[in-house]
Amino acid sequence: MFFRSKNQNILFRRLEEQLAALTQDTASVNQKLDTLNESAQNIRQLQQSNEGSSQTILAHGQNLQQNMRHLENTLSQDLQKLQVDVHRHDMAIEDLLDEWAEKKSDEDSVAARLQEASQTEHLLLDLFEAYQEQFWNLKHFAASKDEAWTSQIALMEQALEHYQRSCAISLINECGVSVDYDLHDIIEATDTSDPALDKKIAEIYRCGYLYKGKVRKKAQAAAYRFIKVSE
């Protein structure tokens, strides 16, 4: 009986130990199951979150595509408008260049005509000077030789005076006027005892003239110089 009881006790302890181990294993398995359940729940939550994020990303992507298409359409329209404006500006520039070329041609033509007119003017003035000098010499020669010629030359001067005024030419040929060094080139002094004649033009040797109000040629003249006579 003693050995049977002892064997039963040993068997009971082993059963208890196995039961305890089994209980411990069950608790460990339950703990692992709980962990797996938690992991599965986390995975499901993550999947749901990812699905929500994917939907959000997809929605943003669609909005972005729409915005890109709208931007492309806007840029295309702006580009077409810009091309039209550039073409219009190019045409305007071409018109301006053509107009400038025409004006430049007109300006060159006017400049050429002005230069030709200026050259002609100088030639005519040179011709007038040569004529006037010969006429002046003829006048003084006739005055010393033939009074009839002097009267005839005076009539000719009166007839020519109208044309000289029309050409804006004024002769510097008066005697008895005060000396003006802008008009007269005094080459000789003539003594006089009359103080009223001092610094007056005594004689014109070669007449000068003004053209358009400017002195073109000074008159060569003699001027009176007052000399006080001692008593």
Side-chain angles (χ1 to χ4, degrees), residues 92-231:
I93 290 174
E94 289 181 1
D95 293 340
L96 288 175
L97 289 175
D98 292 340
E99 184 178 356
W100 180 84
E102 292 177 359
K103 288 185 177 180
K104 185 67 169 57
S105 178
D106 293 340
E107 289 177 358
D108 292 341
S109 178
V110 170
R113 289 197 296 269
L114 287 176
Q115 185 177 4
E116 182 180 357
S118 178
Q119 293 175 351
T120 302
E121 183 182 47
H122 283 292
L123 290 174
L124 289 174
L125 289 175
D126 291 340
L127 177 63
F128 171 77
E129 289 182 15
Y131 148 79
Q132 187 64 37
E133 185 174 355
Q134 295 298 324
F135 191 81
W136 186 262
N137 292 333
L138 179 63
K139 178 181 177 181
H140 282 72
F141 177 80
S144 64
K145 298 295 182 180
D146 190 344
E147 293 183 0
W149 271 99
T150 302
S151 300
Q152 188 67 26
I153 291 174
L155 291 175
M156 292 173 61
E157 283 184 320
Q158 291 179 1
L160 293 174
E161 185 178 358
H162 168 72
Y163 297 103
Q164 291 175 358
R165 288 197 303 267
S166 299
C167 296
I169 294 175
S170 302
L171 296 179
I172 307 172
N173 59 357
E174 293 186 46
C175 295
V177 298
S178 298
V179 173
D180 186 343
Y181 291 102
D182 291 332
L183 304 177
H184 305 110
D185 185 11
I186 306 302
I187 60 176
E188 186 179 359
T190 301
D191 295 337
T192 179
S193 59
D194 185 357
L197 296 177
D198 188 36
K199 297 181 181 179
K200 300 287 186 179
I201 297 298
E203 187 176 358
I204 298 291
Y205 296 123
R206 187 191 69 187
C207 71
Y209 72 99
L210 292 86
Y211 176 63
K212 294 182 179 179
K214 295 182 180 180
V215 177
R216 174 81 180 186
K217 189 175 185 179
K218 291 184 179 182
Q220 290 183 351
Y224 287 111
R225 179 176 59 190
F226 173 68
I227 300 296
K228 186 175 181 180
V229 180
S230 59
E231 297 181 356

Is any side-chain heavy atom of [Y] closer than 4.5 Å to one of [X]?
| X | Y | answer |
| --- | --- | --- |
| Thr190 | Leu197 | no |
| Glu188 | Glu203 | no |
| Val179 | Ile201 | yes |
| Lys200 | Thr192 | no |
| Tyr224 | Asp194 | no |

Do the side chain of [X] and the main chain of [Y] share a donor and acceptor less than 3.5 angstrom apart?
| X | Y | answer |
| --- | --- | --- |
| Ser118 | Leu114 | no |
| Asn173 | Cys207 | no |
| Lys218 | Tyr181 | yes |
| Ser109 | Ser105 | no |

Do you know which two heavy atoms are closest between [X] and [Y], and how far apart they sit?
| X | Y | value |
| --- | --- | --- |
| Ile187 | Tyr205 | CD1-CD1, 3.4 Å |
| Ala219 | Ile172 | CB-O, 3.4 Å |
| Ala202 | Cys175 | O-SG, 3.9 Å |
| Asp126 | Arg216 | OD1-NH2, 3.9 Å |

For this session: Give a yes or no on whether Glu129 atom CD has more than 12 heavy-atom contacts from other residues, nucleotides or ligands under 6.0 Å away.
Result: yes
When rounded to the nearest 0.5 angstrom, what distance separates [atom1] in [X] from [atom2] in [Y]?
| X | Y | atom1 | atom2 | result |
| --- | --- | --- | --- | --- |
| Lys199 | Ile186 | NZ | CD1 | 11.5 Å |
| Leu127 | His122 | CG | NE2 | 14.5 Å |
| Gln132 | Gln164 | CD | CD | 6.0 Å |
| Lys217 | Leu210 | NZ | CG | 13.0 Å |
| Leu171 | Glu161 | CG | CD | 8.0 Å |
| Lys212 | Cys167 | NZ | SG | 10.0 Å |

Exercise. Looking at Tyr211 versus Phe128, is the centre-to-centre ring distance below 6.0 Å?
Worked result: no
